[in-house]
Amino acid sequence: MTVHSDFPPQPRTNPRGAAPVGMIHELPPLEATAILFLRVWCQGGLARDTIAADFASVTAKPKAAQALADFDALMRLVLSQSRRTLMRHDCKCSCFGGDESAFANMIAAAAMADADEAMLFATTLLKAPAAYEAVRLARSLAHPFLCLARNSLNPVAPVGSQRVH
């Protein structure tokens with residue numbers, strides 16, 4: 001038996017959530033930083049040291065360590081409780097996809113103390129029970145992300161990657 005559909009199959013080269021929706025240089029600094037941090041964290045290893053260095057550059061040592069722990073917890077939650085595989089672009093990519101946009105907007109809304117908007121973006125990425133915790137963690141990261149956005153129009157990029165212009 002052959003099943004026919006009126007809808008074409010989704011192309012494998014652009015899985016849902018990865019399709020480009022914008023260019024990083026068009027984003028406000030906070031959202032650009034959130035996307036770059038997501039990408040760097042997913043690289044793992046020494047690349048994550050750049051995130052620690054960025055937090056340390058804008059907050060006192062104990063607060064920087066807490067921000068790093070909160071970001072690590074947020075990423076682990078987002079990746080383990082996502083509705084489907086979270087899609088992201090390479091650190092060197094100048095565009096960003098839908099999943100990255102939702103993540104960045106969740107961080108930005110939480111930083112602006114807009115819990116309802118942050119929850120809206122969180123629920124597009126995560127299973128419902130995890131969305132509350134993701135927004136709580138994103139809210140705890142408000143100060144360091146706002147400081148990074150205020151202090152620099154160009155978030156620190158990992159070694160070997162291109163900076164956002």
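The aromatic rings of F71 and F37 stand perpendicular to each other, their planes meeting at an angle above 60°, with 30° marking the opposite boundary.
Judged as a side chain to side chain donor-acceptor pair (under 3.5 Å), and not counting sequence neighbours, T124 has no contacts. When the salt bridge (Lys or Arg N to Asp or Glu O under 4.0 Å) test is applied to R48, no partner is found at least two apart in sequence or on another chain. Annotation: salt bridge (Lys or Arg N to Asp or Glu O under 4.0 Å) contacts of E31 (sequence neighbours excluded): none.
Note: the hydrophobic cluster containing M112 does not contain L120 (ILVMFWY, side chain heavy atoms under 4.5 Å, direct or indirect links). At a threshold of 4.5 Å between side-chain heavy atoms, the hydrophobic network of Ile, Leu, Val, Met, Phe, Trp and Tyr places M119 and F145 in two separate groups. Cluster annotation: V21 is connected to L27 through the hydrophobic network of ILVMFWY side chains, with a link wherever side-chain heavy atoms come within less than 4.5 Å. If you chain together hydrophobic residues whose side chains sit under 4.5 Å apart, L141 and L126 fall into the same group. Both W41 and I107 are assigned to one and the same hydrophobic cluster, defined by single-linkage of ILVMFWY side chains at heavy-atom distances under 4.5 Å.
Between L36 and C91, the shortest heavy-atom contact is CD2-O, 4.3 Å. Nearest heavy-atom pair, R88 versus C42, reported as atom, atom and distance to 0.1 Å: NE-CB, 2.9 Å. When all heavy atoms are compared, the tightest approach of C93 to I24 is O-CD1, 4.2 Å. When all heavy atoms are compared, the tightest approach of V58 to C147 is CB-CB, 3.6 Å. Nearest heavy-atom pair across A111 and A142 is CA-CB, 3.6 Å. Annotation for L77 and A134: closest pair CD2-N, 3.4 Å, computed over non-hydrogen atoms.
The side-chain hydrogen bond (donor to acceptor under 3.5 Å, both in side chains) pairs that include a residue from residues 73-82 are D72-R76, where partners are two or more places apart or lie in different chains. Sorted by first and then second residue, the side-chain hydrogen bond (donor to acceptor under 3.5 Å, both in side chains) pairs involving residues 126-138 (not counting sequence neighbours) are E133-R136.
The side-chain heavy atoms of S57 and L148, taken from C-beta on, include a pair separated by under 4.5 Å. L30 is listed as a side-chain neighbour of L146, based on a closest heavy-atom distance under 4.5 Å.
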Donor-acceptor pairs under 3.5 Å, side chain of residues 97-106 to any protein atom, not counting sequence neighbours: which ones?
residue, atom, partner, partner atom, Å
D99, OD1, R84, NH2, 2.8
D99, OD2, R84, NH1, 2.9
D99, OD2, M87, N, 2.9
E100, OE1, R39, NH2, 3.1
E100, OE1, G97, N, 2.9
E100, OE2, R39, NE, 2.7
E100, OE2, R39, NH2, 3.3
E100, OE2, H89, N, 2.9
S101, OG, N105, ND2, 3.3
N105, ND2, S101, O, 2.8

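The closest donor-acceptor contact from the side chain of R83 to the backbone of T123 lies under 3.5 Å.
If you take CD on E26 and SG on C95, they are separated by 10.5 Å, rounding to the nearest 0.5 Å. In this structure, CZ on F55 lies 10.5 Å from CD on Q66, to the nearest 0.5 angstrom. Rounding to the nearest 0.5 Å places CG of D70 at 13.5 Å from CE of M75.
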